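All remarks here apply to the structure that follows.
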Amino acid sequence: QVLLVESGGGLAQAGGSLRLSCAVSGLTFNTYDMAWFRQAPGKEREFVAAIKWSGGSTYYADSVKGRFSISRDNAKNTVYLQMNSLKPEDTAVYHCAADRPPPGGGFTTTRWQYDYWGQGTQVTVSS
């Protein structure tokens, strides 16, 4: 059974920071690309950031570039999302997701191509 369990969400003030974690079990972690998506109330789930299976390459949505940082520890089967300079518009449920690397290389940013998902963790940023 594949499990992705997010943690680290909570309430932060605008300009503050939070660090999300996603612990993964039930799959060979170091063969999967990992990503973070978020979903605000009444909105579609959107791509936030992704990291290759090796940890050697990352990709970000324009809305978070320069403020968020994705990383992974393959020894701990965990992926992280460091969120700095938070804004009220970052308020959402954040989900981690796992995907087999696409055959042509690069990153997958569309949610329906991801194989496995966590339940999510709520992030609320107050102004």
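Here the structure is a predicted model, which is why all the values come from computation and not from measurement. Counting begins at 1 with the first residue of the sequence.
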Without swapping roles, check the side chain of R72 against the backbone of K52 for a donor-acceptor pair under 3.5 Å. yes

Do V2 and F29 land in one hydrophobic cluster if side-chain heavy atoms of ILVMFWY residues count as linked below 4.5 Å? yes

Can you find a pair of side-chain heavy atoms, one from L20 and one from E6, that are under 4.5 Å apart? no

Is any side-chain heavy atom of F68 less than 4.5 Å from a side-chain heavy atom of L86? yes

With clusters defined by side-chain heavy atoms of hydrophobic residues (ILVMFWY) lying less than 4.5 Å apart, directly or transitively, does F107 cluster with I70? no

Would you kindly confirm whether V93 and W36 end up in one hydrophobic cluster when ILVMFWY residues are joined by side chain heavy atoms under 4.5 Å apart? no

Donor-acceptor list for residues 94-101 side chains, cut-off 3.5 Å, not counting sequence neighbours:
| residue | atom | partner | partner atom | Å |
| --- | --- | --- | --- | --- |
| Y94 | OH | R38 | NH1 | 3.0 |
| Y94 | OH | D90 | O | 2.6 |
| H95 | ND1 | G118 | O | 3.1 |
| H95 | NE2 | R45 | NH2 | 3.4 |
| D99 | OD2 | T108 | OG1 | 3.1 |
| R100 | NE | Y32 | OH | 3.3 |
| R100 | NH1 | T31 | OG1 | 3.4 |

Under 6.0 Å from the CD atom of Q113, do we count more than 12 heavy atoms belonging to anything else shown? yes

Is there side-chain contact between V125 and M83, with at least one heavy-atom pair below 4.5 Å? no

Looking at Q39 and A92, would you say the former's side chain and the latter's main chain have a donor-acceptor pair under 3.5 Å? no

Measure the acute angle between the ring planes of Y114 and F37, then classify it against the limits of 30° and 60° as parallel, tilted or perpendicular. perpendicular

Taken in chain and number order and not counting sequence neighbours, the residues that satisfy side-chain contact (heavy atoms from CB on, under 4.5 Å) with S69 are Y60, Q82

Do other residues, nucleotides or ligands put more than 12 heavy atoms under 6.0 Å from Q13 CD? no

Does T124 have any side-chain contact (heavy atoms from CB on, under 4.5 Å) partners at least two apart in sequence or in another chain, and if so, which? L11, T91, Q122

Tell me whether D73 contacts the main-chain N or O of Y80 through its side chain, where contact means a donor paired with an acceptor under 3.5 Å. no

